[in-house]
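Structure record follows, encoded as structure tokens.
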Amino acid sequence: MNRTVNTVRGTAAAATAAFLAALLTAPAAQAAPGARTLYAAPDGRGTSCTVSRPCTPEGARDRARTEKGRDVRVLLKDGTYRLDAPLRLGPDDSGTTWAAAPGARPVLSGGQDITGWHRNADGTWSAAVPAGVTPRQLFVDGERATRARGEACAASTCDASATGMTGATATGIDHWQRPTDAEAVIRVRWRNYHCRIAGVSGDTMTFVQPCWTNSASGTDRTGPAWDSTAVDSTRYSGVAFFENAPELLDQPGEFVWDSKGRTVTYLPRKGEDMRRARTVTPHTEQLLVVDGAHDVTVSGIGFAYAAYRQPGTDEGYAGMQAGLTLTGATGPVDHAGRYYTKPSAAVTVRGGRRVHVDSSRFSHLGGAGAILEAGTKDSSLTRSSFTDLSSGAVYVGDTEPMPEASLTGERNTVAYNTISRSGVEYTDSVGIWAGYEAGLSVDHNSLDHLPYSAISVGWGWNQPEARKSVLRDNKVTGNRITDVMEVAQQQHDGGAIYTQGAQPGTVLSGNYINRSAYGNTERDGNGIYLDEQSSHITVERNVITRIGYKWVSNWADYGIRNTARGNWTDTAAPALGGTGSVMTDNLTGLDRLPAQALAVAARAGAHGGPVEQLRTDLARTGTATQSSTDGTATAALALDADTNTDTRTLSEAGAWWQADLGAVRHVRQVEIWNDAATTTADFDVVTDDGTVHVSGKALRPTLVNLDSRTRTVRIVTSGTGRVALAQVLIHP
């Protein structure tokens, strides 16, 4: 097995290395005979596009089109290129290279500066906004501000229905100056909704259409018939927060937009001087569009402050999954997400052939980073960085399971990129999303601090119209994924790597996954999640640690012939579902990663990196007891190295669970994994020389720091209730 796996990995690594080497040499190589080099500059006014008389980017493009039969390089000089419309490249621009001039760091920007700030009596600052500009995001000296927001409103107060919501009186919204500028932000499982208030009548709020209808059930367009994640479903638990009202502007770093007065008001952070600060709002929606071109290279260019306007319209943001939304007041009946809408992105490639975006920088975006769609083939996005994006970083492919050949995405590559803090605003979005793709390589990317899933490949939810698709031969290899499905963002039912659909020949290998939904309050957040008809997928030689739920999940019987082999993980998981699915040669329940696993994890990601070693667990050799036992939920199940099995006492006064280490040991920390179905809350951790009280619910996990010499560790309820635990680890 090892010989076969290493051969596959070696071949993939060699192919990727050769591909990247070609990209490295191409832009910097000496121009071939007959080649032409043109120059652009932010203040370009020339028509010759020489180094001394550069053009605008559009002027350089138009000049390049006159150079028939020659390879043309357009070099962008240093500075910020402020765009009122995207730079568009089409079939006539095939064969061109767009790159940073030597030593330059050019940036295409869709930003609009906000100037003329004046101080108000309450310490806020206000400025007029130019006509046609709507500040949905604001960046002060490069740091993102937050739209003024309030507290959560529980479903018992903000009760949502298909027509609106109660709670205007209790929240005070019925007395707000401009409630129709405010939005409700709602999270239901894996979905995120942003709808603006349309009106307030007594205690009832209504919302703009079609946003609210598309966020509710009954459209026959919002996913499978079993889907229960709409705003009017039983899974709705309330409003995460209302935002963009002056009454909510109370924290430094917050701002509010007044659509009537056309002003933006901001409460500065400590040290910010609004008379000198550079304040920018995204305005231009796309920065580069490559449509129907082939053999185009884009290298070393930055993309910043691109807007995403849809959420600010009556369409709003009716999130369906992974940053795609339901739009339009009507549409065809569909349960497979075939007609969902992608977010706007800074760079969009449509129907491209051999289009390569390399060594580029995507930052401070109101929407997504880059999209490769509409039958783009043999194209790549490599060695680029994505930081501080409102939506996802990369979208590859489309939502039609059986497109015609010209619209099928094939042999595309997303490799050696770093993605950090995407999905800042639209928290259901993912780092890298791929729809119905064939031969896709997602290789050696580093992804961290994301609100939901990191990498998502496949679509369709096992719906009849999606059961046969072009999905096949995709590779998700060598990626480094850390701190994803962040608990504070309240998005659920995802994984660090997430798949859907039958994908013959697809391999998920050599990935390092650490901390997915770590610290959750429920069983949620997987390492590798083979969801909804995921079939014919091999999961091998991955290192998966500190996961909120299962290290690998294949729960559906209609997900068949999946194989998980040779992986390393610190917990166990139930057997894979579906005919022909197998788990073999996996090392589970580890409390130390062996050298081979450490080597795999260290190589993962765009640049490799450190590995968070597991910590020795003294409880593994201990003996567990408890005050009583509910059914088969015995005390020993908290020591079985499996966070999916549970102990449970009866409900009683002073219920307890205890581990006896067999000898006095020096204990630094106790790691308590709650049984999320039966919450353990308000309890004491008792050792031989002291007690530590924990208020509120235990998490998955709750970490209790100690400095104790003890033989026993006991968990005791403070009052009457149960002690129910999935795992307890005791670290020296």
If you measure from the Lys or Arg side-chain nitrogens to the Asp or Glu carboxylate oxygens, is any gap between Arg196 and Asp181 under 4.0 Å?
-> no

Would you say the side-chain atoms of Asn192 pair up with the backbone N or O of Thr427, donor to acceptor, closer than 3.5 Å?
-> yes

Do other residues, nucleotides or ligands put more than 12 heavy atoms under 6.0 Å from the CG atom of Asn120?
-> yes

To the nearest 0.5 Å, tell me how far Trp257 CH2 sits from Arg262 CZ.
-> 4.0 Å

With Ser391, which residues qualify under side chain to side chain donor-acceptor pair (under 3.5 Å), at least two apart?
-> none

When you look at CZ of Arg53, are more than 12 heavy atoms from neighbouring residues, nucleotides or ligands closer to it than 6.0 Å?
-> no

Short side-chain to backbone donor-acceptor contact, Arg603 and Gly478, under 3.5 Å | no

Expected output: side-chain Gln489 to main-chain Glu486 donor-acceptor under 3.5 Å = no

Lys/Arg-Asp/Glu bridge criterion (N-O < 4.0 Å) met for Arg354, Asp378 = no

Which atom of Leu138 lies closest to which atom of Ile114, heavy atoms considered | CD1-CG1, 4.3 Å

Presence of salt bridge, Lys342 and Asp398, under 4.0 angstrom = yes

Do the side chain of Thr348 and the main chain of Ile371 share a donor and acceptor less than 3.5 angstrom apart?
-> no

Can you check side-chain contact (heavy atoms from CB on, under 4.5 Å) on Glu437 and Glu410, steps first, answer last?
-> CA-CA 6 Å; Glu437 284 283 299; Glu410 297 176 304; over 6 Å; no

Return yes if some donor-acceptor pair links the side-chain N/O of Ser109 with the main-chain N/O of Gly111 below 3.5 Å, else return no.
-> yes

Which pairs count as ring-ring contact (aromatic ring centres under 6.0 Å, His included) when at least one residue sits in residues 371-400, sequence neighbours excluded?
-> Phe362-Phe386, Tyr395-Trp433

Between the main-chain N or O of Ser420 and the side-chain N or O of Asp448, is there a donor-acceptor pair closer than 3.5 Å?
-> no

Which word best sums up how the rings of His444 and Tyr416 line up, parallel for under 30°, tilted for 30 to 60°, or perpendicular for over 60°?
-> parallel

Sequence neighbours left out, what passes salt bridge (Lys or Arg N to Asp or Glu O under 4.0 Å) with Asp93? Give chain and number order.
-> Arg65

To the nearest 0.5 Å, atom CG of Leu83 lies from atom NE2 of His283 at 11.0 Å

